[in-house]
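Worksheet: one structure, shown below.
In what follows, every chain begins at residue 1, and chains take the letters A, B, ... in the order their sequences are listed.
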2 protein chains.
Amino acid sequence: MVGGMADIYRALADPTRRAVLDELYERDRQTLFEICGRLTVKHGLASSRQAVSQHIDVLEEAGLVRVEREGRYRFHTIDTAPLRAIAERWPARGRKDGQP
Amino acid sequence: MVGGMADIYRALADPTRRAVLDELYERDRQTLFEICGRLTVKHGLASSRQAVSQHIDVLEEAGLVRVEREGRYRFHTIDTAPLRAIAERWPARGRKDGQP
DNA sequence: TTGACATGCAAGTAGCCACTTGCTTATGGT
DNA sequence: ACCATAAGCAAGTGGCTACTTGCATGTCAA
């Protein structure tokens with residue numbers, strides 16, 4: 001495990017990090033270069049490799065991205081579980097229809 | 001109306017703003033002074049009135065807090081609806097059971 | 001009106017955060 | 001071994017943001 005489960009809210013605050021999550025949500029086990037390329041092509045973001053790498057570090061510390069090392073590759077996978085904490089912190093009240 | 005539904009993610013990024021939401025979740029229709037007092041006493045945050053006021057502005061622009069003006073008072077109410085967008089952006093996949 | 005209370009506005013400051021820059025490490029192919 | 005690829009590290013920089021400071025506005029009670 002990571003150890004300290006850093007601030008998930010701050011991790012979501014940056015639009016580039018949310019785009020990374022969007023990309024990983026579409027396709028798991030992507031490398032850093034794959035993510036960089038897809039961010040540029042599909043999301044129109046021109047972020048450098050180092051910038052994306054630092055963003056991924058933040059996402060990893062927040063528990064939103066898991067990493068598997070294989071040889072010289074580093075595969076990234078999204079983990080949506082921590083997002084539950086947000087909905088559970090301020091649950092919808094009043095109306096009892098939450099989800100169908 | 002607000003107009004542009006500002007960045008909800010950025011609004012949640014600040015711990016003081018999340019404490020304001022916590023406080024309003026417990027009790028609706030609080031004034032600025034009430035919120036300030038409760039933040040200090042219950043959450044141990046020593047934020048000035050102006051600081052809290054600016055935080056509330058951010059929350060209001062994000063659609064997370066609604067305001068009713070009555071005389072010289074300004075009552076604040078939490079609106080949890082925009083939080084749904086987060087859970088809907090990256091829904092849990094794989095397991096089809098949501099929560100136990 | 002006067003005074004007290006609740007809030008509003010706007011400019012200035014300090015600290016954090018995203019991004020860059022330059023170099024280094026490590027794995028795999030030939 | 002050699003080179004190319006994928007990633008790691010670490011210091012420096014610019015801009016954003018939370019907070020302060022000081023004054024102004026608006027409302028209610030006497």
**OP:** To the nearest Å, give me how far apart CG (Asp57(A)) and C1' (dA10(D)) are.
**Re:** 13 Å
Original post:
Counting side-chain heavy atoms from CB outward, which of dG8(D), dA18(C), dG26(D) is closest to Arg69(A)?
Top reply: dG8(D)
**OP:** Among the candidates dA18(C), dT20(D), dA6(D), find the nucleotide nearest to the side-chain atoms of Asp14(A).
**Re:** dA18(C)
Subject >> Presence of donor-acceptor pair under 3.5 Å, side chain of Gln54(A) and base of dT20(C) >> reply: yes
Original post:
Between atom CZ in Arg49(B) and atom P in dA18(D), what is the gap in whole Å?
Top reply: 18 Å
Subject >> Side chains of Leu12(B) and Leu64(B) in contact at under 4.5 Å (non-hydrogen atoms) >> reply: yes
Subject >> Worked verdict on Glu26(B) versus Arg38(B) for salt bridge (Lys or Arg N to Asp or Glu O under 4.0 Å) >> reply: CA-CA 11 Å; Glu26(B) 278 195 20; Arg38(B) 287 169 189 271; 5.8 Å; no
Subject >> Whichever of Ser48(A) and Leu32(B) has its nearest DNA chain C nucleotide further upstream toward 5' >> reply: Leu32(B)
Original post:
What is the distance, rounded to the nearest whole Å, between atom CD of Glu60(A) and atom C1' of dA7(D)?
Top reply: 13 Å
Original post:
When you measure from the side chain of Arg72(A), which nucleotide among dT7(C), dG28(C), dC9(D) comes out closest?
Top reply: dG28(C)
Original post:
If each of Tyr73(A) and Ala46(A) is mapped to the nucleotide of DNA chain C with the nearest heavy atom, which maps nearer the 5' terminus, i.e. the 5' end?
Top reply: Ala46(A)
Original post:
Is the closest side-chain heavy-atom distance between Tyr9(B) and Ile86(B) below 4.5 Å?
Top reply: yes
Subject >> Minimum-distance pair of heavy atoms, taken over all atoms of Leu59(B) and Val20(B) >> reply: CD1-CG1, 3.8 Å
Original post:
So what does Thr31(A) touch, heavy atoms closer than 4.0 Å: a base, only the sugar-phosphate, or nothing?
Top reply: sugar-phosphate
Subject >> Closest to side chain of His55(B), choosing from dT21(D), dT7(C), dA18(D) >> reply: dA18(D)
Original post:
In whole Å, what is the span from the CZ atom of Phe33(A) to the P atom of dA4(D)?
Top reply: 15 Å
**OP:** Would you mind reading off the distance between Gln30(B) atom CD and dT7(C) atom P, rounded to a whole angstrom?
**Re:** 11 Å
**OP:** Consider the side chain of Ala51(A), meaning its heavy atoms from C-beta on, and name the nucleotide among dG8(C), dT20(D), dC19(C) that approaches it most closely.
**Re:** dC19(C)
Original post:
Is Arg74(B) side chain donor-acceptor paired with the dG8(C) base, going by distance under 3.5 Å alone?
Top reply: no
Original post:
Whole Å only: how far is the CD atom of Glu70(A) from the P atom of dA7(D)?
Top reply: 12 Å
**OP:** Whole angstrom is fine here: how far is it from CD1 in Ile56(A) over to C1' in dC19(C)?
**Re:** 15 Å
Original post:
Are side-chain heavy atoms of Asp28(A) and Ile78(A) found at a separation under 4.5 Å?
Top reply: yes
Subject >> Nucleotide dA6(C), atom P - distance to CD of Gln50(B) in whole Å >> reply: 14 Å
